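Scope of the values below: all heavy atoms of this structure, side chains included, with no hydrogens, waters or symmetry mates. The first residue in the sequence is number 1, and the count goes up from there. This one's a predicted model, so the numbers in the text were calculated from it and none came from an experiment. Remember, it's 1-based here, ligands and their atoms both numbered in the order they're listed.
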Amino acid sequence: MGLIVKGGEVVTAAERFFADVRIDGGTITDLGAKLDPRTGDETLDASGHLVLPGFVDPHVHMELPFMGTVSADDFETGTASGIAGGTTTIIDFCIQTPGQPLTSAITQWHAKSAKAVGDYSYHMAITDFGPNTPNEMREVVQKHGITSFKVFMAYKGALMVDDGQLYQVMKTAAEIGAVVTVHAENGDAVFHLQRELLAAGNTGPEYHPVSRPSTVEGEATERALMMARLHGATAYIVHMTCKESMHALERAKLSGQHCYGETCPQYLLLDDSVFTKPDFGGSAYVMSPPIRPRGVGHHEALWAGIQNGLLDSVGTDHCPFTHAQKLAGQGDFTKIPNGAAGVEDRLQLLYTYGVQAGHISLERMVELGATAPARIFGLTGKGSVAVGKDADLVLYSPEGKSTRSAKTHHSRADRSIFEGFEVQGRVAKTIVNGRVAYDGQQLMVTRGSGRFITRKPSHFAAGVKA
Ligand code: URP
Ligand code: ZN
Ligand code: ZN
């Protein structure tokens, strides 16, 4: 017994066309102008709707132990929130505790993610490079199907790696064909800026962006890309926010380097005026790198990158903390847990402020939010509407307007950084693994139904060597 999604307009990264989509089990088995149901088939009317691939979020943090607390969504609530927003696959970050074998961290993450309701993978974050780490990295790729790593160049005293460790991660990743995702900020510079600001009595959330200016992001992006270039490693710079880092990415790409850049909706749509909201309201927006000032070229550079292909993907960096959790940083902005919710907002925001506003085509939206993240990270069954792909689909109705709000989103976050943003259209249905998991109002998901998706290293891992 199959399911036929009838009469919608299919959108891929390459084209748009009217077609029925046939699903058998969890796989797309046919696309055609008019597919006839077989006995026992169900049909789903998609007329008037866009039929998009389930979106892939390459950057989320569910249940992340961070800055003395744990991010508020677990794998169940976080993936459910994603599904309500049209995201059917996430890539979380499995974080090594210093000294911990990488495989032990993977075991911990598998225990947490067993309750996911959407599919998932991890990037393996290395926080402590020891003599056996190269062997462990090989094992992570070959035995665990995790083909991307993560390094934090910031968060000194916690997750941050130094240049020696960055060097070694890039070297090993190049040898084994893995991608290295990078949080690019100069953590030492941030540390000193923070100390200086606090010493001068500047303690509120509005000093968070002052402590992390775009120059520290630009410098670290350049360094990360050069270190990748030294070894011929493939680097993927996460959550890019500013013109300095965009210039570094442009230089690397123009020199023939194989590398990628990601941004997130908050960096495209918000500006640093949010940090002065009353009643410690600015704390909701505290994330790193910070949201940038308008009028100095950052937003323009990011939108240009979205349009012209310099940027490869849009993730969310979903990492929510409640207001009660954020209060830990009252009187000291460096103690405000960094992060915010976003996994449910991305598609509607990209549709409204990207496609409807005339910045990008529907096809480009699909590429940024689904096809490219799936391709870059080797999620071969995800990211497009095509025969043989996993049956993860979004039926998007372009009709009607609504407002993003913490009152209606499914995340545990009690604030939304997109509160009050008007959006055009809505996710009318999300199909996960061949079943309707969200009908536009209600989630119909079973705890634990999400699957860990193993990946294979890219055949194209080598970039340009120094
Ligand atoms: O502030 C952020 N971005 N929190 C999550 C951790 C990270 O740096 O991605
Ligand atoms: Zn980060
Ligand atoms: Zn992140």
Side-chain angles (χ1 to χ4, degrees), residues 57-73 78 82 87 90-96 109 120-127 148-161 166 180-187 190-191 194 205 207-209 211-212 214 216-217 220-221 224 235-242 245 260-268 270 272 274-275 282-292 313-322 325-326 328-329 333-343 345-346 373 377 411 413 415 417:
D57 194 334
H59 190 156
V60 303
H61 305 274
M62 308 305 174
E63 227 173 314
L64 172 71
F66 188 44
M67 297 186 72
T69 184
V70 178
S71 63
D73 275 324
T87 288
I90 57 160
I91 314 184
D92 199 85
F93 292 83
C94 172
I95 314 272
Q96 173 200 26
W109 245 254
Y120 56 94
S121 178
Y122 320 131
H123 307 289
M124 180 72 236
I126 295 174
T127 60
S148 47
F149 293 87
K150 172 75 181 282
V151 284
F152 292 91
M153 296 170 77
Y155 306 128
K156 190 174 167 65
L159 305 173
M160 179 173 143
V161 295
L166 180 64
V180 182
T181 69
V182 183
H183 174 130
E185 285 184 296
N186 184 320
V190 170
F191 175 80
Q194 287 177 331
Y207 291 100
H208 172 72
S211 72
R212 313 181 89 101
S214 57
V216 307
E217 182 183 333
T221 305
Y236 174 101
I237 311 298
V238 302
H239 51 37
M240 296 179 70
T241 75
C242 64
S245 61
Y260 302 104
E262 167 202 276
T263 192
C264 310
Q266 54 270 32
Y267 300 119
L268 294 163
L270 303 176
D272 67 350
V274 296
F275 292 111
S283 65
Y285 301 84
V286 167
M287 63 185 69
S288 297
I291 292 158
R292 300 295 178 195
S313 71
V314 175
T316 65
D317 197 7
H318 180 86
C319 187
F321 295 100
T322 63
Q325 290 176 295
K326 293 271 183 180
F333 70 87
T334 68
K335 295 195 165 59
I336 301 171
N338 283 205
V343 72
D345 304 293
R346 180 177 56 145
F377 292 114
S411 163
R415 307 223 165 177
I417 56 171

Short list, please: which atoms of ligand 1 are under 4.0 Å from a heavy atom of [X]?
{"X": "Y155", "value": "1 (O), 2 (C), 3 (N), 4 (N), 6 (C), 7 (C), 8 (O)"}
{"X": "C319", "value": "5 (C)"}
{"X": "H239", "value": "8 (O), 9 (O)"}
{"X": "H59", "value": "9 (O)"}
{"X": "G339", "value": "1 (O), 4 (N)"}
{"X": "M287", "value": "1 (O)"}

Please report which non-hydrogen protein atom sits nearest to [atom], along with the residue it belongs to and the distance in Å to one decimal place.
{"atom": "atom 4 (N) of ligand 1", "answer": "N338 O, 2.9 Å"}
{"atom": "atom 3 (N) of ligand 1", "answer": "D317 OD2, 2.6 Å"}
{"atom": "atom 1 (O) of ligand 1", "answer": "S288 N, 2.7 Å"}

Holding to ring-ring contact (aromatic ring centres under 6.0 Å, His included), I want the full list of residues that pass it with F149, two or more places apart in sequence or in another chain. none
Take the angle between the ring planes of H208 and F333 and call it parallel below 30°, perpendicular above 60°, tilted in between. perpendicular
Sorted by chain and residue number, the side-chain contact (heavy atoms from CB on, under 4.5 Å) partners of V190 (sequence neighbours excluded) come out as Q194, R212, V216
Considering residues at least two apart in sequence or located in another chain, which fulfil the side-chain contact (heavy atoms from CB on, under 4.5 Å) criterion with P289? H183, E185, E217, H239, T241, Y267, R292
Determine, step by step, whether F66 and Y155 satisfy the ring pair (Phe, Tyr, Trp, His ring centres under 6.0 Å) criterion, reporting the C-alpha distance in whole Å, the side-chain angles of both residues, the deciding distance to 0.1 Å, and the verdict. CA-CA 10 Å; F66 188 44; Y155 306 128; 5.0 Å; yes
Relative to F191, does K156 satisfy both conditions: NZ or CZ under 6.0 angstrom from the six-membered ring centre, and within 45 degrees of the ring's axis? yes
Lys/Arg cation over aromatic F152: K150, 6.0 Å, 45° cone: yes
Counting only N and O atoms by type, is there a donor-acceptor contact under 3.5 Å from the side chain of [X] to the main-chain atoms of [Y]?
{"X": "D57", "Y": "T316", "answer": "yes"}
{"X": "H318", "Y": "V343", "answer": "yes"}
{"X": "S71", "Y": "E63", "answer": "yes"}

What is the number of protein N, O or S atoms that sit under 2.8 Å away from the Zn ion (ligand 3)? 3
Would H183 count as a polar contact of ligand 1, with the cut-off being nitrogen or oxygen pairs under 3.5 Å? yes
Only one of M67, H61, M62 passes side-chain contact (heavy atoms from CB on, under 4.5 Å) with L64, and that residue is H61
